[in-house]
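The analysis underlying the following values was restricted to heavy atoms, covering all of them including side chains, and did not include hydrogens, waters or symmetry mates. This is a predicted model, so every value here is computed, not measured. In each ligand, atom 1 is the first atom listed, and ligand 1 is the first ligand listed.
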Amino acid sequence: MQDVVEKVYEQVVARNRGEVEFHQAVHEVLESLDPVIAKHPHYAEGALLERIVEPERQIMFRVPWVDDAGQVHVNRGFRIEFNSALGPYKGGLRFHPSVNAGIIKFLGFEQIFKNALTAQGIGGGKGGSDFDPHGRSDAEVMRFCQSFMTELARHIGPSTDVPAGDIGVGGREIGYMFGQYKRLRNSYDAGVLTGKGLAWGGSLVRTEATGYGAVLFAQSMLSTKGESLEGKKVIVSGAGNVAIYAIEKAQQLGATPITFSDSSGYVVDEAGVDLELLKQVKEVERGRVADYVERRPGARLVTGGSVWDVPGDVALPCATQNELDGDAAATLLRGGCGVVSEGANMPSTPEAVETFQKAGILFGPGKAANAGGVATSALEMEQNAGRTRWDFATAEAKLTGIMADIHDSCVAAAEEYGRPGDYVLGANAAGFTRVADVMIAHGIV
Ligand code: NDP
């Protein structure tokens with residue numbers, strides 16, 4: 001790293017002690033900026049780098065709620081409003097016991113550049129809570145969401161900050177939070193949340209968008225080598241929103257996904273994943289991956305090791321951060337993997353990314369590859385603002401176009417800064433320069 005960039009990174013570590021995921025995300029972006037700053041030194045002036053790594057606002061609050069047995073619980077809520085240069089803060093809410101300020105900050109930081117890549121006029125933010133929805137009744141989840149929104153409502157709005165879903169937050173949770181927001185504000189601000197139900201302002205394709213986008217990105221990367229997903233064996237991790245629709249799109253494009261996972265283990269289904277069964281188990285019954293295996297002859301559940309031990313041509317990590325380490329990357333390469341497209345945020349550790357890049361395989365980082373979700377959230381905001389609703393084909397065509405543009409922007413930036421085919425550099429450089437140019441135009445704010 002150049003001195004000027006290294007100093008900013010050291011400051012981030014000193015000021016945000018113990019927030020290791022945030023340090024990791026900042027390091028990855030700053031490292032990519034060396035050739036950008038060498039070519040355009042003005043990006044290091046006016047403390048622009050120091051400003052871009054510091055959230056504009058960090059909100060942390062108490063979320064008390066009562067369980068079905070009458071016991072009171074206290075969780076912690078977060079909303080990090082990181083950067084509004086390009087538009088209202090935009091980014092999901094995560095409900096998972098591992099959530100803390102460092103996790104939300106890493107996600108918010110990534111979101112700035114991801115949103116810039118979509119070219120849709122959205123800033124970067126992220127939020128969530130250490131609440132664990134697993135095993136909670138609908139009524140408990142509703143009371144938690146209402147308490148969470150009672151505080152969050154003060155800070156968000158259709159032109160201010162527009163949250164969406166993430167791990168542990170799907171259509172049910174967005175519904176409870178929207179209901180409480182509307183009640184508190186006495187205003188039907190459809191554009192205050194995205195990922196809404198279709199009957200009350202949601203957009204077709206939002207549910208599918210992140211998984212579809214990650215697969216479209218893989219397809220675009222393959223097309224640069226004159227190849228496609230047709231006939232490829234795909235290894236998928238996760239069994240939530242992103243994983244399910246990555247499997248769907250991969251199947252539509254002629255590939256065969258053979259795995260998925262959750263925190264209880266992974267499933268190998270050599271005949272190809274039965275998507276209808278997976279949706280029934282995960283979306284309808286909110287069950288575990290073992291429930292799939294019980295009903296699917298030939299599929300097996302593995303509770304030790306890692307899903308990345310399974311050989312395949314393409315890997316789609318769609319569960320969580322740092323789920324794929326250097327050893328797993330080496331195992332994937334030995335198994336013949338030539339393409340990795342990240343559906344999750346920062347699922348590959350720095351060692352894994354280095355291993356993929358050294359091997360020269362196609363590697364699509366999350367901030368580019370999984371941007372289809374937030375891009376379609378922005379399409380939902382657009383429909384809400386225009387009081388209109390597009391059909392599935394229209395929304396999907398827009399998503400496909402946006403993913404192709406993101407891919408091409410990454411390719412062009414990687415070439416401009418002297419590392420053709422490096423999608424990490426391409427995504428970071430293209431995202432950063434779009435935000436940085438506007439921050440400069442807005443003055444020191
Ligand atoms: P979901 O809550 O729908 O699903 C998450 C899945 O990953 C679950 O199957 C979960 O299993 C599994 N998982 C989570 N943590 C772990 C872990 N530590 N080990 C093994 N499995 C784990 O979330 P999403 O599908 O929405 O999100 C997945 C990833 O995609 C996240 O990184 C998220 O930030 C990212 N993303 C999501 C977007 C969206 O639109 N939803 C947009 C862009 C990125 P279990 O139920 O057992 O915990």
Side-chain angles (χ1 to χ4, degrees), residues 21 25 90-99 103-104 106-108 110-111 114-115 117-118 124 126-128 131-136 163-174 193-195 202-203 205-214 217 236-248 259-267 278-279 281-283 285-292 302-303 305-308 316-325 328 341-348 364-380 399 403:
E21 292 85 1
K90 183 92 199 80
L93 297 170
R94 175 176 292 191
F95 292 170
H96 193 272
S98 63
V99 162
I103 297 263
I104 299 299
F106 116 64
L107 290 162
E110 291 271 299
Q111 199 82 44
K114 179 189 308 192
N115 294 3
L117 284 171
T118 72
K126 197 82 187 188
F131 172 70
D132 186 359
H134 286 111
R136 292 292 173 191
D166 190 77
I167 292 179
V169 178
R172 173 181 63 169
E173 291 74 18
I174 293 289
L193 290 169
T194 58
S203 174
V205 188
R206 177 61 190 90
T207 304
E208 295 84 355
T210 309
Y212 275 24
F217 199 86
V236 179
S237 68
N241 172 262
V242 179
I244 287 173
Y245 292 95
I247 290 171
E248 184 163 291
T259 65
F260 55 85
S261 67
D262 65 13
S263 50
S264 62
Y266 68 90
V267 169
L278 179 60
K279 285 184 180 178
V281 166
K282 280 294 180 180
E283 293 186 329
E285 300 168 18
R286 294 181 187 276
R288 309 300 291 159
V289 291
D291 302 329
Y292 174 98
V302 185
T303 51
S306 144
V307 69
W308 311 120
L316 303 175
C318 297
T320 193
Q321 65 274 355
N322 292 330
E323 56 165 309
L324 200 171
D325 63 15
S341 186
E342 295 186 328
N345 284 309
M346 210 169 74
S348 309
K367 66 169 77 65
N370 72 35
V374 74
T376 309
S377 275
L379 298 178
E380 184 174 330
L399 168 66
M403 290 312 299

Participant: Sort out for me which residue in Arg94, Lys114, Glu21, Lys367 forms a side chain to side chain donor-acceptor pair (under 3.5 Å) with Asn345.
Facilitator: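 The single option meeting the side chain to side chain donor-acceptor pair (under 3.5 Å) with Asn345 is Lys114.
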
Participant: So, is Asp166 polar-close to ligand 1, with some N/O to N/O distance under 3.5 Å?
Facilitator: yes

Participant: Pick, from Ser261, Ala371, Gly240, the option with the minimum heavy-atom distance to atom 1 (P) of ligand 1.
Facilitator: Gly240

Participant: Which atoms of ligand 1 have any heavy atom of Arg94 under 4.0 Å away?
Facilitator: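 In order of numbering, the contacting atoms are 31 (C), 32 (O), 33 (C), 34 (O).
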
Participant: Could you tell me whether some N/O pair between Gly238 and ligand 1 is separated by less than 3.5 angstrom?
Facilitator: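 No - when backbone and side-chain N and O of Gly238 are compared with those of ligand 1, no distance drops under 3.5 Å.
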
Participant: Where is the nearest protein heavy atom to atom 48 (O) of ligand 1: which residue, which atom, and how far?
Facilitator: His134 CE1, 3.3 Å

Participant: Using distance alone, determine whether Lys126 and ligand 1 share an N or O pair under 3.5 Å.
Facilitator: no

Participant: May I ask you to identify the nearest protein heavy atom to atom 31 (C) of ligand 1, giving residue, atom name and distance to one decimal place in Å?
Facilitator: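 For this ligand atom, the closest protein heavy atom is Ala319 O, 3.3 Å.
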
Participant: Measure the shortest side-chain to side-chain distance between Val289 and Lys282 over non-hydrogen atoms and say whether it is less than 4.5 angstrom.
Facilitator: yes

Participant: So if I count the atoms of ligand 1 from 1 in the order they appear, which ones are less than 4.0 Å from some heavy atom of Cys318?
Facilitator: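 So the answer, numbered in order with elements, is 28 (C), 29 (C).
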
Participant: Could you say whether the N/O atoms of Lys114 and ligand 1 ever approach to under 3.5 Å?
Facilitator: no

Participant: What is the closest protein heavy atom to atom 25 (O) of ligand 1, and at what distance does it sit?
Facilitator: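 Going by distance alone, atom 25 (O) of ligand 1 is nearest to Val242 N, 2.9 Å.
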
Participant: Using 0.5 Å steps for rounding, measure from the CZ atom of Arg206 to the OG1 atom of Thr194.
Facilitator: 5.5 Å

Participant: Under a 4.5 Å cut-off applied to non-hydrogen side-chain atoms, are Lys279 and Tyr245 in contact?
Facilitator: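 Yes; the side chains approach each other to less than 4.5 Å.
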
Participant: Nearest 0.5 Å, please: how far is CD1 in Ile247 from CG in Leu316?
Facilitator: 8.5 Å

Participant: Give the residue, atom name and distance (to 0.1 Å) of the protein heavy atom nearest atom 18 (N) of ligand 1.
Facilitator: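 For atom 18 (N) of ligand 1, the nearest protein heavy atom comes out as Thr320 CG2, 3.6 Å.
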
Participant: Which of the atoms of ligand 1 are close to Gly343, meaning less than 4.0 Å from one of its heavy atoms?
Facilitator: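 Answer, ordered by atom number: 30 (O), 35 (C), 36 (N), 44 (C).
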
Participant: What residue and atom, counting heavy atoms only, is the protein's closest point to atom 40 (O) of ligand 1, and at what distance?
Facilitator: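 So the nearest neighbour among protein heavy atoms is Thr210 OG1, 2.7 Å.
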
Participant: Short N/O distance, under 3.5 Å, between Ala239 and ligand 1?
Facilitator: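 Between Ala239 and ligand 1, an N or O pair is found under 3.5 Å apart.
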
Participant: For Arg288, state whether at least one heavy atom is located under 4.0 Å from any atom of ligand 1.
Facilitator: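 Judged by the 4.0 Å heavy-atom criterion, Arg288 does count as contacting ligand 1.
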
Participant: For Arg206, take its heavy atoms, then give the atoms of ligand 1 lying under 4.0 Å from any of them.
Facilitator: 40 (O)

Participant: Does Ile103 form a side-chain contact (heavy atoms from CB on, under 4.5 Å) with His96? I'd like the steps, not just the answer.
Facilitator: CA-CA 11 Å; Ile103 297 263; His96 193 272; over 6 Å; no

Participant: Heavy atom under 4.0 Å from ligand 1: found in Gln321's side chain, backbone, both, or neither?
Facilitator: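 The answer is neither; Gln321 stays 4.0 Å or more away.
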
Participant: SG/Cys318 to CD/Glu323 distance, rounded to the nearest 0.5 angstrom?
Facilitator: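 The CD atom of Glu323 is 7.5 Å from SG of Cys318, to the nearest 0.5 Å.
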
Participant: Please state which protein non-hydrogen atom is closest to atom 11 (O) of ligand 1 and give its distance, to 0.1 Å?
Facilitator: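 Going by distance alone, atom 11 (O) of ligand 1 is nearest to Asp262 CB, 3.3 Å.
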
Participant: Of all the non-hydrogen atoms in the protein, which one sits nearest to atom 20 (C) of ligand 1, and at what distance?
Facilitator: Ser263 CA, 3.6 Å

Participant: Any heavy-atom pair between the side chains of Arg172 and Arg286 that's under 4.5 Å?
Facilitator: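 Touching, per the 4.5 Å side-chain cut-off.
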
Participant: Look at atom 3 (O) of ligand 1 and say which protein heavy atom is nearest, naming residue and atom and giving the distance to 0.1 Å.
Facilitator: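 That would be Asn241 N, 2.9 Å.
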
Participant: With a 4.5 Å cut-off on side-chain heavy atoms, are Met346 and Pro365 touching?
Facilitator: no

Participant: Check salt bridge (Lys or Arg N to Asp or Glu O under 4.0 Å) between Glu173 and all other residues, then give those that pass, not counting sequence neighbours.
Facilitator: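 Here no residue qualifies.
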
Participant: Roughly how far, to the nearest 0.5 Å, is CD1 of Ile167 from OG of Ser98?
Facilitator: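 One finds 7.0 Å between OG of Ser98 and CD1 of Ile167.
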
Participant: With rounding to the nearest 0.5 Å, note down the distance linking OG1 in Thr118 to NZ in Lys90.
Facilitator: 10.5 Å

